[in-house]
Amino acid sequence: AGGSDDEADDTGGEITGDEPMTERTFTAPTSVLPDDMQWNAANDSNYPDRPGFVVFDQLVYFRATTGEFAEGALADWEVGDDAATLTLQDDLTWHNGEDATAEDLVRKLHISLYDNHPIGNFTSVENVEAVDDTTVEVGLEADVSEPVFLNSIQNMELDTPAEQYQDILEELENDPESTALADFAPEEPIGTGPFQYDSSGEQELVTTKFEDSHWADDVNFAEYRFRFIDGNEQAWQALRGGSVDALHNIFTSPDIMASFPDHVVEIQQPANWGLSIAFDHDHKHFGQREVRKAIAHVVDREVVAENSAGGGDAKAPVGTPTGIVGNFDDSAAEWLDDPDAFEDYAGNNTERATELLESAGFSREDGTWVDADGETLTFEFKVPAAWNEWVDAAITINQHLQDFGVQTNLVTRDDGVYFGQDLYGDTGFDIAGFWWSDGWTYPYHTLNWNLNSADAKNVYNYSESIELPPIGDPDGETETLEFAPEFEELVGMDQDAEETRQKINELAWAFNYDLPQLPIQEKVDQCFVATENFSVVDDSDPDASVKYPTTYLPRIGKLVAKEE
Amino acid sequence: MSTDEPVVSMDGVDVHFETEDGLNPFEDPRTVRAVDSVDLEIPENDVVAIVGESGSGKTTLGKAAVGLQRPTGGTVSYRGQDVWEAKKRFSNPSIPYDEIRRSLQIIHQDPGSSLNPHRTVEASLAEPLKKYQTDLGPEDREARILAMLERVGMAPPHDYAQRYPHQLSGGEKQRVALVRALLMNPDLILADEAVSALDVSLRVEVMDLMLDLQEQFDTSFLFISHDLSNARYLAEHAGGRLGVMYLGELVELGEAQEVLQNPQHPYTKVLKWATPSLSLEEGAAEPPVREIDIPDPVDPPSGCRFHTRCPHATEHCKMTAPDVRSVDDGARAHRASCFRLEEDGEYWESEPLEGAQLDEE
Amino acid sequence: MQRYYVERTLQAIVTVVSVMSLAFFLLRLMPGNPADAYRAELIQNNPQMTQAEIDHRVERKLNVIPDAPLHEQYINYVTGLLQGDLGESINEGVPVAEIIAEALPWTIFTMATALLLSFAIGVSLGAMMAYKEGSYFDNGFSVGSILFNSIPNYIVGILLIWFLGYRFELFPTGGRYSTEMDPTVALLEPLQTLAFLGDAVWHAALLIASYTVVAAGGWALRMRGNSIQILGEDYLRVARLRGLSERRIATRYVGRNAVLPLYTALLIAIGFALGGSVILEQVFTYPGVGYYMIEGLEARDYPLMMGVFLVMTVAVVLGVYIADLTYGIIDPRAQTRGGEH
Amino acid sequence: MSGRIDHSESDAVATESRSDAVLTCRDLTVEFHMDRGTSTVLNGLDIDVERNEIIGVVGESGSGKSMFASALLDAVVDPGVTSGTITYRPTDGREVDVLELSDDRLRQLRWEEISMVFQGALSSFNPTLTLRGHFAETLEAHDYDVEDGMERTRELLADLYLDPDRVLDSYPHELSGGMKQRALIALSLVLEPEVLVMDEPTAALDLLMQRSIVSLLDDLRDKYDLTMVFITHDLPLVTKLADRIGVLYAFELAEVGRTEEILRSPTHPYTRALLNSTPDIDSPLEEMRPIEGSAPDPVNVPSGCPYHQRCPISTEDCATVKPPMEPVTETHDVACHHRDRADEIELTAEVDG
Amino acid sequence: MSERSERTGTEPLHAIDDGDAFEAVSETTLTRKERYQRLVDRWLLAPGRIVWSVRRARIGAGIILLYVILGLIGPALYKEPRTNQGPRSVAPLAEGLAYPLGTDNLGRDILAQIVHATPSMLQMIAAGGLFVTVMGVTVGTVAGYSGGRTDRVLSLVTDIVMTIPGLPLIVILAALLEPQNPIVTGLILTVNVWAGLAREIRSQVLSISRHSYVEASQAMGLSTPSIIVKDILPNIMPYVLITFVNAARQVIFASVGLYFLGVLPYDSVVNWGVMIDQAVSGGAMHVASMAHWLIAPLATITLLSFGLILFSQGTDRMFNPRVRARHASTTGSDDESTEAGGSAAATAGTGGGIR
Ligand SMILES: Nc1ncnc2c1ncn2[C@@H]1O[C@H](COP(=O)(O)OP(=O)(O)OP(=O)(O)O)[C@@H](O)[C@H]1O
Ligand SMILES: Nc1ncnc2c1ncn2[C@@H]1O[C@H](COP(=O)(O)OP(=O)(O)OP(=O)(O)O)[C@@H](O)[C@H]1O
Ligand SMILES: [Mg+2]
Ligand SMILES: [Mg+2]
């Protein structure tokens, strides 16, 4: 079994850092047909994002377990009050042989700004300029704390060489509405990453080691291939059959993992997001805090998470719903001064739920909850049909609620309709599967997402302010809390300051008390590497939590080919 | 019911079928002239037997007579009322269509397909009663059916009543069909080859039964057969008439005995030749026709339609069609259409066709 | 007869046009649109992408989607169609015709092989069953045929993948040909061509097998019925009395006369096979037209779906059309019957 | 059944004397074993077919006529069992026991020596094969020279008033019933057989066509020196053609004799009834009457004389003792206990000439 | 003529005088019970006996009956499927009879899922089958019987509907209507299946209406509907039944296929197709210990489909009057020999049902 419980042998031996160069090929899956691929990430069709990770360099990389940023195309960065200074690696070379300079980064940032990239929240095109060959200064229009800023540029890749994008930038400068960027569809990428495009065929994309890359010294294999694989079953089979050496990120239940060869290791990374139940706050029943809380008490999150993970540990149940991620390793509680002051809604506390519902005027008739007007407490629970883990979780949640006498009905929806119309469109929902964080560890992001974001207002119609009692005293005197100003303040606050912590505690309490959403679980991404021909570090290494280990670890010599 | 009007009178009746699959889309669809300007009156309590080769239009004529085949020309009247006029939705006929429908019945050639295989004899027979004798209760219906079955010699009737058609012999099926027709109390029954499919010994039996019932119920019969001996048997017994059809035309019609003993049309003679008798005499071994096969009814010969086969045909026959001519006078005149009935005329002058002779041997 | 051809041709055209129009409007009535589908895809693939970014992208997608009134879109589509233009795939950004031209040969290859194979197997088996009517052989294979006919072909597909693909790893479970393969079909390179074709067959083997197994059962049962009927015909008895060899009787008499009525069914089945490939190709991730149908559906890629739908409809209409027009040539009995089959 | 053994013995003696028989049937029996019992559909038939004669076999529907025809070629459909003997004597003086032949020899005998025209002529052709194909394949199957054979075919077709070119290139469905029937006769003669067995060859046709074919057959017999067994339910049809007539009743022969003997002095009550029930355009009107009762079931043939239940002159004896086949004249045999009382049944059908 | 009737002595007795036959009335009346018994015998017992007499039909009927019983009383007798009612992925019989067919990845009893899915599947099948049958029979008979323009129009519509590639259309309709109600789902899944039946029935009706008994009924002035119902429909019943079965199979195949593709939405009510989908995506094909999760619904579907085909093969006899007569208790025995062999008509379509 590919458990990570066995040590050295599993990971294929120690990585010393001076492995000899080999002719090996590392093969991973891609879900885009290699023949159809085009390499402009801003174009919507057939952009191969996994291959993109090896061909292009991200500006910075993010270690999810520690919340730190690691260097990527940027060697250094500094975020001050009114400016951020970004310094490129000085040995960065484009695959076409040209040096990658600050001009290139400026081009990237300009294009991104024209393309509505979120750094536009802090700056504009005029404020971005190269200071020297490797340094770019970004003037900031408002206070931004470092993690918030870095988060916003983290998934940015240096992928716009002059050869391909100079004309496009010029066109955008002339006409910001131009669609030139979105229409551009280069058949071959030019990046700065450790592997460069070689060829693509019916089933495979071949990239070869780029000797001039910043990372070249740590890469000891000659090729990185991507094989077209569609669907999880095919992917598992490919890994099992040895036609790929890794899977980037596929939820895999313990039963299935058991079918993998012994030399396959699992690398877990916190995904920092997961399923929640979104309530329509405009709904007659779900707009009531008591109802939401009752539901929270009824759903046994541990069971749900376990079911959703197929009995494995790939989903961590949310311990205490505070709107802070880190349930995977309990790091969430570290942000709280007094974790016990928070309601944990643990287990299947029907007594408490009954109390709450009765206090809201509901009564139970023939095993069904009915409100004071005689209306049944009933809803359709919508989930996207193709998200199997969610469906499994929803089935379980549904079961818990039905057992408690809430008349629920699970409805699976076409993905497009679900996201396009139920969540972001007109059809709406009573209760739907949603997510309660968006991948960042810094609590600002998650709390903002739940309490203050456009989604909070538009998707589940959350109010802009609430009446909040003091922390730990739900029955105490309430005070009005306006969310928007709170978060505006928090954005610029130094993450290490005590007042920042205070604010986070207060907002977490607001979350815990009012339950804008009910967080159910937190996902753990699963990456698999076959260690027959390659060695990889254990997932306790913080670098293994950079997304995706299969594409990041080779850069830093933590995924290396074994000697032939 | 005692009008002087004939039960059915057909006046210049044509039935032409259009066949759709012509080879050339621009060509007019081809027409089968199944029945061509036929006049025929069937008075009450009369028997008319029609004979002719297969495809000569007997069935079509018969169906036209009982109002099951709409004529493309001419009129068919029931006691003076135009049948198809009466059927029209907003017409105001002197005799309602329902009554006409009831009065004209049919017995089919094929005993096998004349009864619904899925219904017992009783169920089949109950249908007309349910429709026309609504006052009868189920028990009375059953009693009547049983009585009728017994009347036609199917005893014990309740056994037969519960049988399915496949459990009946051909003769029995025909009897049931006969009963079904009779239960409607019709004025005219079209018996379309009603005995041809039966075993020889059964034919006489069924024909006798028909004669019997015709007598008893005062029903007229239009009896169709390709077998001259059967037609004769029935027609002569009832003192009825015999008609001969050839390619859609009624070429000869008259008292049965008269027609047989004194056939006027060469075709009637051919039929007579073809009807085997128990005689030991070596009849003329060669058929008295020039051609064995009947011409294609889709494209019937010009002039007299029989000229292609007639042993006496001349060039004249090829050109002109003969008129109907009465052989003798009288209400039920013997008539035929052949040039040879004329004392003189172009026919006698023109050249005989190849293989034909003017005079009989 | 000619009139019949003209009418039949007209009818075929009317059919295609009506089905296409129906499909055109049905497609656009479906809940969700390309932008929604795209949003779903973005969300699914990029959990860290911010809402603003996603909105921006979706908005950009909306620009690609024609937003003229429906009837105008329809007219545009039809005029395009008349000029041989199937439109451009919203999702893939390439002309639909290109996608289909690339995918169709593969579907035709697999489905035609499967159909012909199933037909050949079914017909021979059915004839043998009829000859041995009532024997253990007959009973065994009858039940077998019924049983196989009771299983949807994609389930057979799943089972085959399961056992031959995953368990024993004898066959690949997806894709058209091996990565290493250089797709060559050239007379000058017979070896490579052969290797390539062999590889393609190997890849399609399970797909073909799952269709074949199920369909063969149906053909066998029909062939058996037809043959049994013919075995009872008078002319067969006469043929035996005339001293014809059993082989001639089996082929020229029983075989031919029993197979002929299946000819129409075969052609129609060929027509429907394209449409029938949808689930199978999905199960085998075999990028043929059926696969793109679902791809198109998931992305609400109207032009792509319309294109695939058109191809499938035309295939059916063509199959029925050819069957109707040629049956007379194939079966002399039908010649005089005209259009009545 | 008690009478049967001795009657066949005596009959064997009687027939020995007869001269040039092409086919001699002795105790020819066909049985079907079915769930509800054994169905004897041909019961101990003894009959000789003389060379170059036309023998007519008549009987009502279901009396076993077709079974007799099939049995002559040992071609009774499965699972029928044929027993007894059929001796075939070709011109060269050999004697062939038809029922004992090996498969190969039987295959040769059929069509080359004895051929057959079926009751269902209209469905006797392969619908997807032209008539030329039928002729050619028959010739090939018997290793005949195809070219010669086709020449003969043309002649045969012409003799039958058919246009050889048109007919040979047609598919069966393109021909009318009469043409098909004649083509089938031609097909049965293409190998120049000695004996032609015809099972109701004209039943489905018009009278005119029937009559024409019958007269054609007469010509053919003379031209090709054929021996014919002509089976029909239509007595008048065969009287013009046949030299002798056999009357089948209930799977057994009731009476055999020269045609004029059967017509003039029918001796079996059944024959007389049959004659009486036959419509005829020449005979006076009042004289037709049906045969009462119905044909017996092959599983339960009445004991004794099978006709006794329907016979107006039957006695106790008839119900128990089976009447043997005994000669009335040298050429006229009948199986009836009351052959002397035959006159009691009025013969209404008067045969002239 | 008395002379003749005397000669025509085939009628053994003339108990009723000639004229009376026409006026005869009954002296006895059937009791209600007797009549009721006759009806029951004709419509229920006789078909039952016939089905019972053919092995294939007997097995088929047995299987179908099993499912019907399962659908009717199964849910009441057997426990409901619930998440975590047992351990995850228990193999069949691994824990005795607690989970006879094992459990799935959520610890739900698989037998319970199959049992509780049966009613909705049966509804779906019945709805689809009925829809096809009613549509097909109506359109087919109307077109075939009335002829003329009605026929041409209906035939054209039928031909067009028949040509629509069924599966893609269903996929679109399913996405369009998102049916949750099994009955609606059944209708959608058979939306174009009726056309094939209609076409077939039309030609059958054309040939049946050439039978002279139909003309005789017309001659009797019977109304068209009654001719259709009494003279024509009984003849096409075997065909109708076979099509019903094929439609049912189409429903099963297509529904499972579409659930499997994820095109059909599903709700809390379990469903065989959903089970297969969940099993496959849950990896049952990969792990031997979970194989039962996939095999159970597969076998359930196959068995039902198998039963349906067997049944339909046996049922043309049910409508065959020859067989009927032999099995009717009210009629005397019949001596017709049984014709052997299954029927040619009963063969199912090719291509696995969906096209
Ligand atoms: N419905 C029809 N459509 C087209 N042609 C028809 C139709 N009915 C009859 N005919 C043609 O009309 C001609 C006369 O047919 P009809 O059935 O009246 O002949 P018939 O004398 O009754 O022949 P038979 O003795 O064979 O019953 C035939 O050539 C036949 O093919
Ligand atoms: N295959 C069979 N199995 C059992 N009985 C049969 C079979 N074929 C015919 N019979 C029976 O054999 C008997 C004689 O049949 P046969 O065909 O010889 O009659 P036929 O005199 O030729 O009658 P028809 O004039 O109707 O052709 C009939 O009672 C018939 O039911
Ligand atoms: Mg007729
Ligand atoms: Mg016979």
Side-chain angles (χ1 to χ4, degrees), chain C residues 11 14-15 18-19 22-23 26-27 29-32 118 122 133-134 142 146-147 149-156 158-159 161-162 166 211 214-215 218-219 221-222 224-226 228-229 265 269 271-276 278-279 282 293-294 297 305 308-309 312-313 315-317 320 340-341, chain E residues 56 156-157 159-169 171-173 175-176 178 203 206 249 252-254 256-258 260-263 276 280 284-286 288 291 294-295 298 301-310 313 340-355:
Chain C
Q11 193 194 325
V14 168
T15 307
S18 348
V19 173
L22 180 76
L26 278 184
L27 283 185
L29 281 176
M30 282 196 307
S118 70
E133 194 194 338
S142 290
I146 296 174
L147 194 66
N149 221 231
S150 320
I151 314 176
N153 53 25
Y154 52 86
I155 288 190
V156 176
I158 293 176
L159 294 176
I161 291 182
W162 188 357
Y166 292 167
Y211 189 93
V214 172
W219 293 122
L221 291 174
R222 289 167 82 160
R224 176 180 178 274
N226 285 2
I228 286 178
Q229 195 191 340
F272 277 110
L274 284 192
V278 172
I279 301 185
Q282 202 64 25
M293 171 90 209
I294 300 296
L297 177 81
M305 266 197 285
V308 175
F309 210 91
M312 288 175 174
T313 309
V316 177
V317 172
V320 178
E340 274 280 336
H341 306 313
Chain E
R56 283 189 184 177
L156 184 68
V157 172
D159 281 354
I160 290 179
V161 174
M162 229 182 79
T163 356
I164 303 178
L167 196 60
L169 177 75
V171 166
I172 291 173
L173 281 182
L176 176 61
E178 302 199 331
S203 63
L206 275 181
R249 272 165 12 105
I252 302 174
F253 288 13
V256 173
L258 295 190
F260 179 61
L261 281 188
V263 175
I276 294 181
V280 169
M285 283 162 82
H286 292 268
L294 182 57
I295 290 173
L298 283 188
I301 287 161
T302 307
L303 184 66
L304 176 56
S305 167
F306 185 63
L308 282 167
I309 297 186
L310 282 184
Q313 286 203 330
S343 84
T347 47
T350 48
I354 307 173
R355 357 187 254 184

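Proteins get letters first, then strands, A, B, ... in listed order; numbering begins at 1 in each.
Comparing C/I146, C/T313, C/V14 by how many heavy-atom pairs each has under 4.5 Å with chain E, the most go to C/I146. Taking E/I276, E/L303, E/L294, E/V161 one by one and counting their heavy-atom pairs under 4.5 Å with chain C, the maximum is reached by E/L294.
Taking CG of C/L27 as the start and CD1 of E/I172 as the end, the distance is 4.0 Å to the nearest 0.5 Å. With rounding to the nearest 0.5 Å, the separation of CZ in E/F253 from CG in C/N153 is 8.5 Å. Taking CD1 of E/I164 as the reference point, atom CZ of C/F272 lies at 9.5 Å (rounded to 0.5 Å). Put simply, CZ on E/F306 and CG on C/N149 are 11.0 Å apart, with the number rounded to the nearest 0.5 Å.
Proximity to chain C is limited to the backbone of E/A284, based on heavy atoms less than 4.5 angstrom apart. Residue contact with chain E, scored on non-hydrogen atoms closer than 4.5 Å, involves the backbone and the side chain of C/L29 alike. Of the two parts of C/M312, the backbone and the side chain both hold a non-hydrogen atom closer than 4.5 Å to a non-hydrogen atom of chain E. For a residue to count as touching a neighbouring chain, one of its non-hydrogen atoms must lie under 4.5 Å from one of that chain's; by this rule C/I294 touches chain E with the side chain only. Using a 4.5 Å cut-off between heavy atoms, C/S18 touches chain E through its side chain atoms alone.
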- Worked verdict on E/L298 versus C/L159 for side chain to side chain contact (heavy atoms under 4.5 Å, CB included): CA-CA 10 Å; E/L298 283 188; C/L159 294 176; 3.6 Å; yes

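Under the side chain to side chain donor-acceptor pair (under 3.5 Å) criterion, C/T15 pairs with no residue at all, not counting sequence neighbours. Taking E/L173 as the reference, C/L26, E/L169, E/L176, E/I188, E/V191 meet the side chain to side chain contact (heavy atoms under 4.5 Å, CB included) condition, with sequence neighbours excluded.
Between C/Y154 and E/A254 the shortest heavy-atom distance is OH-N, 4.5 Å.
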